[in-house]
Amino acid sequence: MRTPIMAGNWKMNCDNDEAWELASAIADEKGDVTGCEVVICPPATALVVVQAVLEGTNIGLGAQNIFWEEKGAYTGELSGPMLLSCGCQYVIIGHSERRGRFGAVADDFTPELQRVFGDTDASVNRKIKAALSYDLTPIVCVGELLSERQQGQTDEVVSGQVKAALAGVEADDAESIILAYEPVWAIGTGEVCDAEEANRVIGVIRATLAEITGEEIAEEIRILYGGSVKPANVAGLMAQPEIDGGLVGGASLQAESFCELIDAAAVSK
Ligand code: PEP
C-alpha cells in the first residue's frame, strides 16, 4: 500500500516571521500526524526557521529547487549539501513555474518565458540525479499546458516528461521518487482537474513508469495530483485509486485549510 502524502508548496510567500507562524500553527495541529506523510516546502530563506519549528514532529521539510553542482561560482543557486544542512528531506523539481510553463499565461508560452528560470527536461533530469545522490527525495512535477490538452496531447506530453526526467536513473533509485501530476492550467487558477480525469492521467504516468522501472516498482511510487486542491475537492480526488496525495500551493498557506487536506488524505486509503 502506498502511504498518502500532502505536500505544501509555499512558493515565494512568507517572510521568516510569517513562516514561523504558519509552520507552528500546522505543527501544533498535525505534528504527530499518522496515516499521511506531510511535507512543507517554504521558500529557501525560511528553511532554517521552519526546520526549528518542525523538529521532533512527523512533518517533513522540503526545498523548492536544487542545483546539481556541490559548490562553486553559481550565484543564487543552492546545492544538495546546503539543503541537507537546512534539514531538508525533500525537494520539488521541475515545477511548471520553473519550467516556464506558466498556468495563467499558458498560451503565451514562449522561449523567453522558459528562460525566466530555465528548467528544461534535461535540467530536471540532472537535478533529480543530484537530489538522489544526496538522499533527498525528489518531488518531480509534470503536466500539460491548456493548449496541449485542447490538442489531445496530454498523455504524450506527460509520458515524455516522465521519460526525460528519469533517463539514466536506476530503477532502485526511482522507487524513492515522488511524482506530481500538475496540469498547468489548473495551478493557481481555481480550476481543478476532474478527479476521474486526474486519475486516468496518473494511470498513464504509472504505466510509463512501469516501462522504465518494471511494474513492481512502478506500483510503489507515489504520484500526487496538484492544481487548485482545496478542502472542498480533496475528498473526491483522494478517493481515486491512482491519486496518492496532493501537491498544494494556495490552500497550504492557511493552517486551517492545509490541516483539512491532511485529514482527508490520512483517512483516504
Ligand atoms: C502548486 O503550487 O504546485 C499548486 C498546485 O498550486 P495551487 O494549489 O495553488 O494550484
Side-chain angles (χ1 to χ4, degrees), residues 4-14 18-19 22-23 26 36-44 46-47 50 60-66 90-106 116-117 119 124 127-128 137-146 149 154 157-158 161-162 165 177-195 197-199 201-202 205 222-238 240 243-262 264-265:
I5 303 178
M6 201 46 73
N9 174 16
W10 291 3
K11 311 193 188 193
M12 197 176 73
N13 293 294
C14 295
E18 291 164 336
L22 178 55
I26 296 166
C36 176
E37 209 168 300
V38 178
V39 184
I40 293 176
C41 303
L47 284 170
V50 175
L61 182 66
Q64 298 176 13
N65 191 24
I66 183 173
Y90 303 82
V91 56
I92 297 172
I93 297 177
H95 193 284
S96 63
E97 289 157 12
R98 297 209 58 87
R99 292 181 188 248
R101 299 169 72 83
F102 288 74
V105 288
V116 174
F117 300 120
D119 266 349
V124 165
K127 290 179 179 192
I128 291 169
T137 299
I139 302 175
V140 181
C141 304
V142 298
E144 81 286 359
L145 301 171
L146 180 60
R149 170 161 288 269
T154 298
V157 168
V158 296
Q161 288 173 331
V162 170
I177 291 175
I178 297 164
L179 280 148
Y181 168 54
E182 298 213 308
V184 179
W185 49 270
I187 298 176
T189 59
E191 198 182 331
V192 66
C193 183
D194 173 73
E197 172 60 7
N199 188 67
V201 179
I202 290 177
I205 293 172
R222 271 91 56 88
I223 310 179
L224 316 181
Y225 166 78
S228 300
V229 176
K230 302 263 179 301
N233 57 35
V234 68
L237 290 160
M238 290 304 305
Q240 298 293 329
I243 300 181
D244 300 322
L247 178 58
V248 185
S252 71
L253 291 171
Q254 302 291 332
E256 199 182 330
S257 55
F258 191 54
C259 291
E260 282 183 52
L261 301 182
I262 294 168

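All ligand and atom numbering here is 1-based and tracks the order in the structure. Quick caveat, the model's predicted, so the values are computed rather than measured.
- The shortest contact between atom 2 (O) of ligand 1 and any protein heavy atom is with K11 CE, 2.6 Å.
- W10 has its side chain within reach of V50: a pair of non-hydrogen atoms, C-beta onward, lies under 4.5 Å apart.
- By the criterion of a heavy-atom distance under 4.0 Å, the backbone of A186, and not its side chain, is placed next to ligand 1.
- Of all atoms in ligand 1, listed by their number and element, those nearer than 4.0 Å to a heavy atom of H95 are 1 (C), 2 (O), 3 (O).
- The CZ atom of R222 lies 12.0 Å from the CD1 atom of I177; values are rounded to the nearest 0.5 Å.
- Some N or O of E182 is nearer than 3.5 Å to an N or O of ligand 1, by distance alone.
- Distances between N or O atoms of G249 and those of ligand 1 include at least one value under 3.5 Å.
- With rounding to the nearest 0.5 Å, the separation of CD1 in I243 from OH in Y225 is 8.0 Å.
- At a threshold of 4.0 Å, the pair R99-E182 does not count as salt-bridged, since none of the basic side-chain nitrogens sits closer than that to a carboxylate oxygen.
- When G188, S96, G226 are checked for heavy-atom proximity to atom 10 (O) of ligand 1, G188 turns out nearest.
- To the nearest 0.5 Å, atoms CD1 (I202) and SG (C193) are separated by 8.5 Å.
- The contact set between ligand 1 and G250, taken as ligand atoms under 4.0 Å from a residue heavy atom, comprises 7 (P), 8 (O), 9 (O).
- Note that CG of N65 and CD of E97 are 12.0 Å apart. Values are rounded to the nearest 0.5 Å.
- Shown in contact with G227 at under 4.0 Å from a heavy atom are these atoms of ligand 1, numbered in order with element: 5 (C), 10 (O).
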